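Just so you know, these numbers come straight off a predicted model, no measurement behind them. Letters A, B, ... mirror the listed sequences (proteins, then strands); counts begin at 1.
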Amino acid sequence: MYDIIIVGAGPAGISAGLYARRANKNVLIIYSGESNLEKAEKIDNYYGFVNGISGKDLYENGIRQAENIGVEVKKEEVLNIEMTLDGFAVKTIDNVYESSVCIIATGNKKLRPNIKGIIELEGKGVSYCAICDGFFYRNKNVVVIGNGKYAVSEAKDLENIVQNVKILTDGKEMEADTTFDVDTRKISQIIGEDRVEAIKFEDGDTIDVNGVFIALGEAGGSDFAKKIGVILDKDSIKVDENMATNVKGLYSCGNSTGGLLQVSKAVYEGAVAGLSAVKYLNERK
Amino acid sequence: MSVIVLSEDNFDEEVRKTDKKVLVDFYADWCGPCKMMAPAIEKIAEEVAEYAKVGKVNVDDSPEIAEEFGIMSIPTLLIFENGEVIHKHVGVTDKETLMSELK
């Protein structure tokens with residue numbers, strides 16, 4: 001059992017980890033995938049680098065810095081974060097890690113794909129949580145929109161409840177192994193008025209479905225948040241000035257909380273989240 | 001006032017035939033986000049007691065009511081006025097938004 005698990009190893013997650021570790025907390029950082037920072041060719045507007053620094057170098061330095069002071073860092077894809085009696089269980093593809101506090105610093109992931117009809121049909125057949133809403137689709141036909149392990153994991157949560165589940169990649173390549181039916185055609189629209197009725201593809205073909213579950217790419221901060229019951233503001237996690245969410249012991253920082261998508265903002269919020277988490281743990285004792 | 005447990009037996013009486021606004025929380029015991037929403041619902045019930053009502057529908061116990069209002073995702077929060085739905089929120093919603101809509 002860790003004191004704090006931080007999901008995400010960008011500037012926000014690392015900064016939170018540094019402050020928490022320096023306060024003698026037992027910290028695990030789990031990350032996977034590409035960080036936005038890693039992809040930035042050069043960062044010219046961050047304090048202290050005379051000639052700028054490549055995003056990749058800044059990102060890798062951050063991870064090494066955290067490891068050097070005793071933060072445990074693991075590269076694993078997180079599929080879900082669940083609440084337990086005394087904290088959180090962070091589920092990766094192969095493992096489950098538990099902690100008293102969890103900090104979501106996964107960056108800004110788009111929750112919704114740009115498909116006509118999605119927003120209008122939310123709560124009317126469009127869902128973001130298989131485990132929460134699968135119940136409403138007993139013996140019905142559903143699809144999961146996504147192309148990674150996260151989509152497969154959502155499909156697995158549905159397969160014992162629904163009649164049929166298919167994965168639609170919306171024009172992308174399927175990046176995970178699966179035995180589920182996969183359709184890679186690009187989607188043009190989700191059809192329905194009061195309820196989801198069908199999916200229309202760009203080639204003009206339609207298939208009848210009752211439910212559409214969204215699970216794009218890798219699961220991100222807003223995906224985890226929705227399943228736990230964190231209040232979101234559009235795709236961003238809503239936090240107070242201490243980076244606390246509405247769920248006790250759960251914090252978020254950096255691009256996950258929206259606003260300015262800058263390293264400086266992420267570092268600041270990470271520091272606040274780390275210190276708030278430490279305070280919460282100390283007061284809980 | 002505490003949260004009214006709604007079922008087919010009392011839904012008409014408590015929600016449709018009242019002159020007060022009513023917030024109805026559709027939930028289930030196995031739904032994590034619903035549990036997160038529950039304390040806020042209790043607080044709202046206390047704070048609006050003088051001018052509005054708050055009730056909850058367990059979708060496992062009362063599937064007909066959930067079906068009637070097309071509930072496909074929980075928690076879903078509906079606000080009724082004169083028996084009609086005037087606001088609908090799918091997913092955990094902040095207390096302030098619900099409080100302002102009940103005024």
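A/Ile145 is listed as a side-chain neighbour of A/Ile187, based on a closest heavy-atom distance under 4.5 Å. Considering only heavy atoms from C-beta on, B/Ile74 comes within 4.5 Å of A/Phe136 through its side chain.
Rounded to the nearest 0.5 Å, atoms CZ (A/Phe88) and CE (A/Met83) are 4.5 Å apart. Here the CD1 atom belonging to B/Ile79 is positioned 4.0 Å from the CG atom belonging to B/Leu102, to the nearest 0.5 angstrom. Atoms CG and NZ, from B/Asp19 and B/Lys53 in turn, are 8.5 Å apart once rounded to the nearest 0.5 Å. Once rounded to the nearest 0.5 Å, the distance linking CG of B/Leu23 with CD1 of B/Ile41 reads 5.0 Å.
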Polar pairs (donor with acceptor) under 3.5 Å from chain B to chain A:
| unit_1 | atom_1 | unit_2 | atom_2 | d |
| --- | --- | --- | --- | --- |
| B/Glu67 | O | A/Arg195 | NH2 | 3.4 |
| B/Ser73 | OG | A/Asp133 | OD1 | 3.4 |
| B/Ser73 | OG | A/Asp133 | OD2 | 2.7 |
| B/Ile74 | N | A/Asp133 | OD1 | 3.1 |
| B/Asp94 | OD2 | A/Lys238 | NZ | 3.4 |

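If you measure heavy-atom distances from B/Met72 to chain A, the contacts under 4.5 Å come from both the backbone and the side chain. For A/Leu232, no part lies near chain B; criterion is any non-hydrogen pair under 4.5 Å.
Pairs of residues two or more places apart, or lying in two chains, that qualify as disulfide (SG to SG under 2.5 Å) and include a residue from residues 28-103 of chain B are B/Cys31-B/Cys34. Among residues at least two apart or in separate chains, there is no salt bridge (charged side-chain N to carboxylate O under 4.0 Å, His left out) pair with a member in residues 252-261 of chain A.
Close approach to chain A, defined as a heavy atom under 4.5 Å from one of its heavy atoms, is seen in no residue of residues 4-18 of chain B.
Pairing each heavy atom of A/Ala12 with each of A/Gly254, the nearest pair is CB-CA, 3.6 Å.
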